[in-house]
K.L.:
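First, the structure itself, so that you have it in front of you.
The structure presented is a predicted model; accordingly, all values stated were derived computationally and were not measured.
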Amino acid sequence: LQIDPTPGLLGFVFVHDDGFLSTPANREAIAMAIDRDSLAGTLGVGGWQAASRVIPNEAGGDLLAAAGRWDTLPLAARREQARARVQRWNAGKSAPVNLRIAMPQGPGADRLFTQISRDLYEVGIQATRAGEGAAADLRLLDVVAPYVRASWYYHQFDCTVLRGLCDAQAGRKFAAALAEPDATARVQLLREAVTGLTEANIYIPLGQPVRWSLVGGAATGIAPNRLGYHPLMPMALLPK
């Protein structure tokens, strides 16, 4: 089993901003509740890289990191804050928060949903699994980046591309940055754009996409592929 070091996005996007999801703070509470450190074991993937930022470090995350993130807080402290937000929302309501999470079929998705639902339960949120095309509150986003640049990541969250909740102001900042000839001003606009995306909490990052190949022990010339693509199957199907 060979794991490919694929960059990209693996996480959840919000379908709407109704009910509990109406505020960025409540959406952030969901992200704070997830135990990313245990996801590699849950998925059975050694060396998997977790992520808590919208723009990963290798695509400029360190340069463009938004201040005030919770990724340096211990899991227990994050969950305490998340639980308090859920309890404030639940006060006076007859039913607890229940989120429908749209995910594909398969054993990997089964394992992922099991952990996510357990993590959310820890802060008082119930999770229900939905099919990919069914009505949902959150949807799994799983896509490999063809190149590692901040521009690709921003494009995935553009309101003309993202199927779900988006942040138009951050999109305008990014468009302005692309058109800005001055390097210093461009970086500042990018920082403002990533800060806007972060504070809007329209995406829950989990980590890098999981791509793998099953390779025979006697095979030679098989190398990890950052695009998560190997041509052996098309080659095997070529006519003789």
Side-chain angles (χ1 to χ4, degrees), residues 9-43 49-57 61-62 64-103 109 111-130 135-141 157 162 164-170 191-207:
L9 295 170
L10 176 65
F12 296 101
V13 293
F14 293 95
V15 177
H16 60 78
D17 58 354
D18 300 328
F20 179 75
L21 305 180
S22 61
T23 67
N26 285 351
R27 298 193 295 269
E28 183 185 47
I30 301 170
M32 295 169 72
I34 297 173
D35 183 2
R36 289 165 182 77
D37 291 339
S38 67
L39 276 176
T42 296
L43 296 173
Q49 296 295 317
S52 59
R53 297 178 179 178
V54 176
I55 309 296
N57 292 344
D62 282 335
L64 305 176
R69 288 291 281 168
W70 41 258
D71 47 354
T72 58
L73 288 176
L75 177 62
R78 299 202 314 263
R79 284 182 170 174
E80 183 179 358
Q81 293 186 28
R83 191 177 299 110
R85 297 179 192 181
V86 174
Q87 289 174 348
R88 282 196 296 270
W89 174 264
N90 280 334
K93 295 181 174 63
S94 58
V97 177
N98 191 315
L99 298 177
R100 300 162 298 173
I101 304 178
M103 300 181 68
R111 291 185 177 189
L112 179 59
F113 178 77
T114 297
Q115 178 178 326
I116 295 299
S117 60
R118 184 172 59 243
D119 289 346
L120 296 183
Y121 183 80
E122 288 292 326
V123 299
I125 297 175
Q126 296 181 2
T128 303
R129 185 168 175 176
D137 305 301
L138 286 81
R139 177 176 59 84
L140 184 68
L141 180 63
F157 299 108
L162 185 63
L165 198 59
C166 66
D167 186 86
Q169 185 175 2
R191 283 175 174 162
E192 293 175 4
V194 74
T195 298
L197 278 176
T198 301
E199 293 179 348
N201 285 290
I202 62 172
Y203 172 64
I204 300 176
L206 298 178

K.L.:
Compare every heavy atom of Ala102 with every heavy atom of Ala136, then report the nearest pair and how far apart it is.
P.N.:
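Looks like CB-CB, 3.7 Å.
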K.L.:
Look at the rings of Tyr203 and Phe157 and say which category their plane angle falls in: under 30° parallel, 30 to 60° tilted, over 60° perpendicular.
P.N.:
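Answer is tilted, since the angle falls between 30° and 60°.
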K.L.:
Measure the CG-CG distance between Leu165 and Asn201 for me, rounded to the nearest 0.5 Å.
P.N.:
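Here the rounded value is 10.0 Å.
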K.L.:
For Leu120 and Ala127, which heavy atoms make the closest approach, and how far apart are they?
P.N.:
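Residues Leu120 and Ala127, closest heavy atoms: CD1-CB, 4.2 Å.
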K.L.:
In sequence, state the C-alpha distance, the side-chain angles, and the governing distance for Thr23 and Arg27, and then conclude on side chain to side chain contact (heavy atoms under 4.5 Å, CB included).
P.N.:
CA-CA 6 Å; Thr23 67; Arg27 298 193 295 269; 5.7 Å; no
K.L.:
How far does CG of Leu138 sit from CG of Leu21, to the nearest 0.5 angstrom?
P.N.:
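Between atom CG of Leu138 and atom CG of Leu21 there are 6.5 Å.
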K.L.:
Checking Arg79 against Asp119 for the salt bridge (charged side-chain N to carboxylate O under 4.0 Å, His left out) test, could you report, in this order, the C-alpha distance in whole Å, the side-chain angles of both residues, the deciding distance, and whether it holds?
P.N.:
CA-CA 9 Å; Arg79 284 182 170 174; Asp119 289 346; 2.9 Å; yes
K.L.:
Just by distance, do the side chain of Arg139 and the backbone of Val15 share a donor-acceptor pair under 3.5 Å?
P.N.:
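Between the backbone of Val15 and the side chain of Arg139 there is no qualifying donor-acceptor contact (under 3.5 Å).
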K.L.:
Could you tell me whether the side chain of Thr198 reaches within less than 4.5 Å of the side chain of Arg53, counting heavy atoms only?
P.N.:
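When only atoms from C-beta onward are counted, Thr198 and Arg53 do not touch, as no gap falls below 4.5 Å.
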K.L.:
Indicate the atoms forming the closest heavy-atom contact of Gln115 with Ser38, along with that distance.
P.N.:
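Closest heavy-atom pair between Gln115 and Ser38: NE2-OG, 3.0 Å.
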K.L.:
Are any side-chain N or O atoms of Asn26 and backbone N or O atoms of Phe20, one a donor and one an acceptor, separated by less than 3.5 Å?
P.N.:
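Yes, because the side chain of Asn26 sits within donor-acceptor range (under 3.5 Å) of the backbone of Phe20.
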K.L.:
Can you tell if the side chain of Leu99 reaches within under 4.5 Å of the side chain of Ile125, non-hydrogen atoms only?
P.N.:
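Answer yes - side chains close enough.
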K.L.:
Looking only at atom types and distance, does a side-chain atom of Arg83 sit under 3.5 Å from a main-chain N or O of Glu122, one as donor and one as acceptor?
P.N.:
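Answer holds: yes.
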K.L.:
Distance-only, no hydrogens or angles: does the Arg36 side chain make a donor-acceptor pair with backbone N or O of Ile34 under 3.5 Å?
P.N.:
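At least one qualifying donor-acceptor pair exists.
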K.L.:
How long is the gap from CD1 on Ile202 to CG on Asp17, to the nearest 0.5 Å?
P.N.:
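Answer for the CD1-CG pair, Ile202 versus Asp17, is 11.0 Å.
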K.L.:
Could you walk me through whether Trp89 and Val97 pass the side chain to side chain contact (heavy atoms under 4.5 Å, CB included) check?
P.N.:
CA-CA 8 Å; Trp89 174 264; Val97 177; 3.5 Å; yes
K.L.:
Could you tell me if the side chain of Val13 sits less than 4.5 Å from the side chain of Leu162, heavy atoms only?
P.N.:
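Leu162 vs Val13: side chains touch.
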K.L.:
Between CD1 of Ile116 and CG of Leu206, what distance do you get to the nearest 0.5 Å?
P.N.:
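Going from the CD1 atom of Ile116 to the CG atom of Leu206 covers 5.5 Å.
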K.L.:
Is it true that Asp71 and Arg78 have a side-chain N and a carboxylate O under 4.0 angstrom from each other?
P.N.:
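Judged by the 4.0 Å cut-off on N to carboxylate O distance, Asp71 and Arg78 do not form a salt bridge.
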K.L.:
Ignoring hydrogens, what is the shortest heavy-atom contact between Leu197 and Ala170? Give both atom names and the distance.
P.N.:
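Scanning both residues completely, I find the closest heavy atoms to be CG-CB, 3.9 Å.
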K.L.:
Under the salt bridge (charged side-chain N to carboxylate O under 4.0 Å, His left out) definition, can you give me all pairs with a residue in residues 87-103, not counting sequence neighbours?
P.N.:
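Listed by first then second residue: Arg100-Asp137.
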K.L.:
Is any side-chain heavy atom of Trp70 less than 4.5 Å from a side-chain heavy atom of Ser52?
P.N.:
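Yes; the side chains approach each other to less than 4.5 Å.
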K.L.:
For a 4.5 angstrom cut-off between non-hydrogen side-chain atoms, does Met32 reach Arg85?
P.N.:
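Yes. Closest side-chain heavy atoms under 4.5 Å.
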K.L.:
Looking at every non-hydrogen atom in both residues, tell me the closest pair between Gly124 and Asn90 and how far apart they are.
P.N.:
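For Gly124 and Asn90, the tightest heavy-atom pair comes out as O-ND2, 4.3 Å.
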K.L.:
Calculate, to the nearest 0.5 Å, the distance between atoms CD and CG belonging to Glu80 and Leu73 respectively.
P.N.:
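Reported value, rounded in 0.5 Å steps: 10.5 Å.
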K.L.:
Just do the side chain to side chain contact (heavy atoms under 4.5 Å, CB included) check on Leu140 and Leu10 with the steps written out, would you?
P.N.:
CA-CA 7 Å; Leu140 184 68; Leu10 176 65; 4.1 Å; yes
K.L.:
Can you check whether Ile30 reaches Ile204 side chain to side chain, under 4.5 Å on heavy atoms?
P.N.:
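They are in side-chain contact.
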K.L.:
Hey, could you give me the OG/CD distance between Ser117 and Gln126, rounded to the nearest 0.5 Å?
P.N.:
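Atom-to-atom, Ser117:OG and Gln126:CD are 10.5 Å apart.
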K.L.:
Go through Ile101 and Thr128 one step at a time and tell me if the side chain to side chain contact (heavy atoms under 4.5 Å, CB included) criterion holds.
P.N.:
CA-CA 6 Å; Ile101 304 178; Thr128 303; over 6 Å; no
